[in-house]
Amino acid sequence: MRYAIEHQPELQRFRIVQQGEEALLEYQLLGDSVDFWRTYVPDALRGQGMAEQLVRHGLAWAEQQQLAVQASCWYVQKFL
């Protein structure tokens with residue numbers, strides 16, 4: 001299933017909202033690079049591929065913005 005991903009640049013995060021819960025990919029802009037530092041999926045939403053979709057979306061966004069990518073988050077590191 002594909003989920004609607006919302007970018008909230010003012011909060012430096014991407015999110016999926018399902019069943020009143022938020023799955024998140026959070027980042028920090030560092031000049032001409034971005035550090036993806038946290039993914040979070042609530043227990044009730046786990047196992048549905050949300051974290052992977054968030055990470056792939058975030059990495060595609062970083063590429064479009066021509067940002068160098070860093071990953072403090074272990075989960076994001078798996079995609080680099």
Side-chain angles (χ1 to χ4, degrees):
M1 172 180 252
R2 299 229 8 117
Y3 297 98
I5 298 173
E6 178 186 359
H7 186 196
Q8 297 179 304
E10 69 282 2
L11 299 174
Q12 296 191 18
R13 69 183 191 174
F14 295 91
R15 76 178 186 154
I16 295 170
V17 178
Q18 288 288 306
Q19 303 168 14
E21 304 260 11
E22 289 183 324
L24 302 171
L25 170 62
E26 297 179 294
Y27 64 87
Q28 181 177 13
L29 290 173
L30 307 164
D32 61 352
S33 68
V34 60
D35 179 23
F36 291 103
W37 65 274
R38 179 176 180 247
T39 55
Y40 172 74
V41 178
D43 290 341
L45 301 178
R46 292 190 179 164
Q48 300 177 45
M50 289 183 192
E52 180 177 352
Q53 286 185 36
L54 284 165
V55 170
R56 292 190 186 282
H57 187 88
L59 292 174
W61 167 81
E63 183 178 342
Q64 290 171 349
Q65 301 300 311
Q66 300 179 333
L67 297 169
V69 173
Q70 301 174 36
S72 297
C73 174
W74 67 269
Y75 186 77
V76 177
Q77 289 174 5
K78 294 172 32 172
F79 293 85
L80 300 180

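Index from 1, following the sequence.
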Residues Gln70, Trp37; criterion side chain to side chain contact (heavy atoms under 4.5 Å, CB included); working and verdict: CA-CA 8 Å; Gln70 301 174 36; Trp37 65 274; over 6 Å; no
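- For the residue pair His7 and Trp61, the shortest heavy atom distance occurs at CE1-NE1, 3.4 Å.
- Note on Ile5 and Phe79: same hydrophobic cluster, where clusters join Ile, Leu, Val, Met, Phe, Trp and Tyr whose side-chain heavy atoms are under 4.5 Å apart, directly or indirectly.
- Environment of CD in Gln65: crowded, with over 12 heavy atoms of neighbouring residues, nucleotides or ligands closer than 6.0 Å.
- Annotation: side chain of Met50 is not in contact with side chain of Glu21 (no heavy-atom distance under 4.5 Å).
- Following chains of ILVMFWY side-chain contacts shorter than 4.5 Å, one can reach Phe36 starting from Leu67, so the two form part of one hydrophobic cluster.
- The two residues Gln28 and Gln12 come nearest to each other via the heavy atoms CA-OE1, 3.0 Å.
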Candidate pair Ile16 and Val41, rule side chain to side chain contact (heavy atoms under 4.5 Å, CB included), full reasoning: CA-CA 9 Å; Ile16 295 170; Val41 178; over 6 Å; no
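- Of the possible polar contacts, one joining the Gln77 side chain to the Ala71 backbone as a donor-acceptor pair under 3.5 Å is found.
- Taking the six-membered ring wherever Trp is involved, the centroid distance between the rings of Tyr27 and Phe14 falls below 6.0 Å.
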Step-by-step side chain to side chain contact (heavy atoms under 4.5 Å, CB included) determination, Gln48 to Met1: CA-CA 8 Å; Gln48 300 177 45; Met1 172 180 252; 5.6 Å; no
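- Cys73 approaches Arg38 most closely through the heavy-atom pair CB-N, 3.8 Å.
- Residue Gln18 comes nearest to Leu45 through the heavy atom pair O-CD1, 3.9 Å, listed as atom of the first residue, atom of the second, then distance.
- Taken together through direct or relayed side-chain contacts under 4.5 Å among Ile, Leu, Val, Met, Phe, Trp and Tyr, Leu11 and Tyr40 form parts of separate hydrophobic clusters.
- Tested against Val76, the residues Leu54, Leu25, Asp35 include a single side chain to side chain contact (heavy atoms under 4.5 Å, CB included) partner, Leu25.
- Taken to the nearest 0.5 Å, the CD atom of Gln19 stands 13.5 Å off from the CD atom of Glu22.
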